[in-house]
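Everything below concerns the one structure shown next.
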Amino acid sequence: MSSLKIFDVAGSGMNAQMLRLNLTASNLANVDSVSSSIEQTYKSRQPVFAAQFRNAFDRLHSTTTEVKVLGVVESPEPLRMEYAPNHPMANDDGYIFKPNVDPVEELANMIAASRSYQNNIEVLNTAREMMMQTLKMGQ
Amino acid sequence: MKISFANALGLHPQALQLRARRTEVLASNLANSDTPHYKARDFDVDRLLRGPDAPKLPLQKTSPDHLSLDDEDARFRLLYRVPQQAALDGNTVEEHIEQAKFAENALRYQASLRFVNGKFSGLMTAIRGE
């Protein structure tokens, strides 16, 4: 194998999936964090991935493409507003605000992220195995 | 009689090189399985091992900056995979297919490696005269 680029690629994939898993954990943990105003309420956070190309030539000829994490965005979905005048966090009109986290979506995300993470580990193991065998060539 | 490594080893060293590059391509596909707009890529190792498709007319290069057509890089072109089921975000990686291709490619790499190893041990036996 000409270089160790494959480790960088699988590593970048694992890094991206780990971020996604972390965000899913935050979202699920905060699913019941109520507050009395829209600004203070926790909003579902999602990662943004992009393929990393260094230049146009790479796009055509490079064999490796790392995953780049562009950032984290807050979901624009409307918050869940609930009328609960007896709630200690209720605002003047008697409403509380709940995060726009969809637990089902987050659970699906969690499974997908861990599957992708496993895929990358599998790639790493196979590549390492191939390299070890190549190093032992002729012995 | 002289021993030529190129003759003794045949296509396998070249196959190993191409398989290693294909491993990188397929690893990139798997790493980017959740990247929006990423297009899965691959290339045909067998076709590359068969050599150039047809003799090309020579191009005259009038500047040293011109890219050569005979280059390994020009011959070595990555193609795009046609997805069976397209995803809404423009990503064309299908994990199960990529995994199958990755496993197949790794196996073929190991097969080539075994052939090379076999040739080497054959040569060693011949040299030692055992």
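Taken to the nearest 0.5 Å, the CZ atom of B:R21 stands 10.0 Å off from the OG1 atom of A:T64. Here the NZ-OG distance, from A:K5 to B:S28, works out to 9.0 Å after rounding to the nearest 0.5 Å. Atoms CG and CG, on B:L30 and A:L124 in that order, are 11.0 Å from each other to the nearest 0.5 Å. Atom CG in A:N119 sits 11.5 Å away from atom CG in B:N29 (nearest 0.5 Å).
Linking ILVMFWY side-chain heavy atoms closer than 4.5 Å, directly or via other members, places B:F102 and B:Y38 in two distinct hydrophobic clusters. B:L49 and B:L79 end up in different hydrophobic clusters when Ile, Leu, Val, Met, Phe, Trp and Tyr side chains are linked at under 4.5 Å. One hydrophobic cluster, built from ILVMFWY side chains closer than 4.5 Å, holds both B:L78 and B:V45. Residues A:Y117 and B:L26 fall within the same hydrophobic cluster, defined by Ile, Leu, Val, Met, Phe, Trp and Tyr side chains chained together at heavy-atom separations under 4.5 Å. Residues B:L16 and B:L9 fall within the same hydrophobic cluster, defined by Ile, Leu, Val, Met, Phe, Trp and Tyr side chains chained together at heavy-atom separations under 4.5 Å.
For a heavy-atom cut-off of 4.5 Å, chain A lies close to B:E95, B:Q99 in residues 93-101 of chain B. Within residues 74-104 of chain A, no residue has any heavy atom less than 4.5 Å from a heavy atom of chain B.
Of all the heavy atoms in A:T126 and B:A106, the pair that sits closest is CG2-CB, 3.6 Å. Across every non-hydrogen atom of A:T134 and B:L113, the tightest pair is N-CD2, 3.7 Å. Pairing each heavy atom of B:A27 with each of A:V123, the nearest pair is CB-CG1, 3.6 Å. Scanning all heavy atoms of the two residues, the minimum distance from A:M137 to B:V116 falls at SD-CG1, 3.6 Å. Counting all heavy atoms, side chain and backbone alike, B:D34 lies closest to A:R20 at OD2-NH1, 2.9 Å.
Sorted by first and then second residue, the pairs that involve residues 112-122 of chain B and meet side chain to side chain donor-acceptor pair (under 3.5 Å), not counting sequence neighbours, are B:H12-B:S112.
Around CD of B:Q17, the count of heavy atoms belonging to other residues, nucleotides or ligands within 6.0 Å does not exceed 12. Within 6.0 Å of the CZ atom in B:R81, the count of heavy atoms belonging to other residues, nucleotides or ligands exceeds 12. Crowding of A:D32 atom CG: a count of heavy atoms from other residues, nucleotides or ligands under 6.0 Å not exceeding 12. For NZ of A:K68, the number of neighbouring non-hydrogen atoms (other residues, nucleotides, ligands) closer than 6.0 Å is 12 at most.
Taking Ile, Leu, Val, Met, Phe, Trp and Tyr as hydrophobic and joining them when side-chain heavy atoms fall under 4.5 Å apart, one finds A:F49 in a cluster with A:L19, A:L23, A:V67, A:V69, A:V72.
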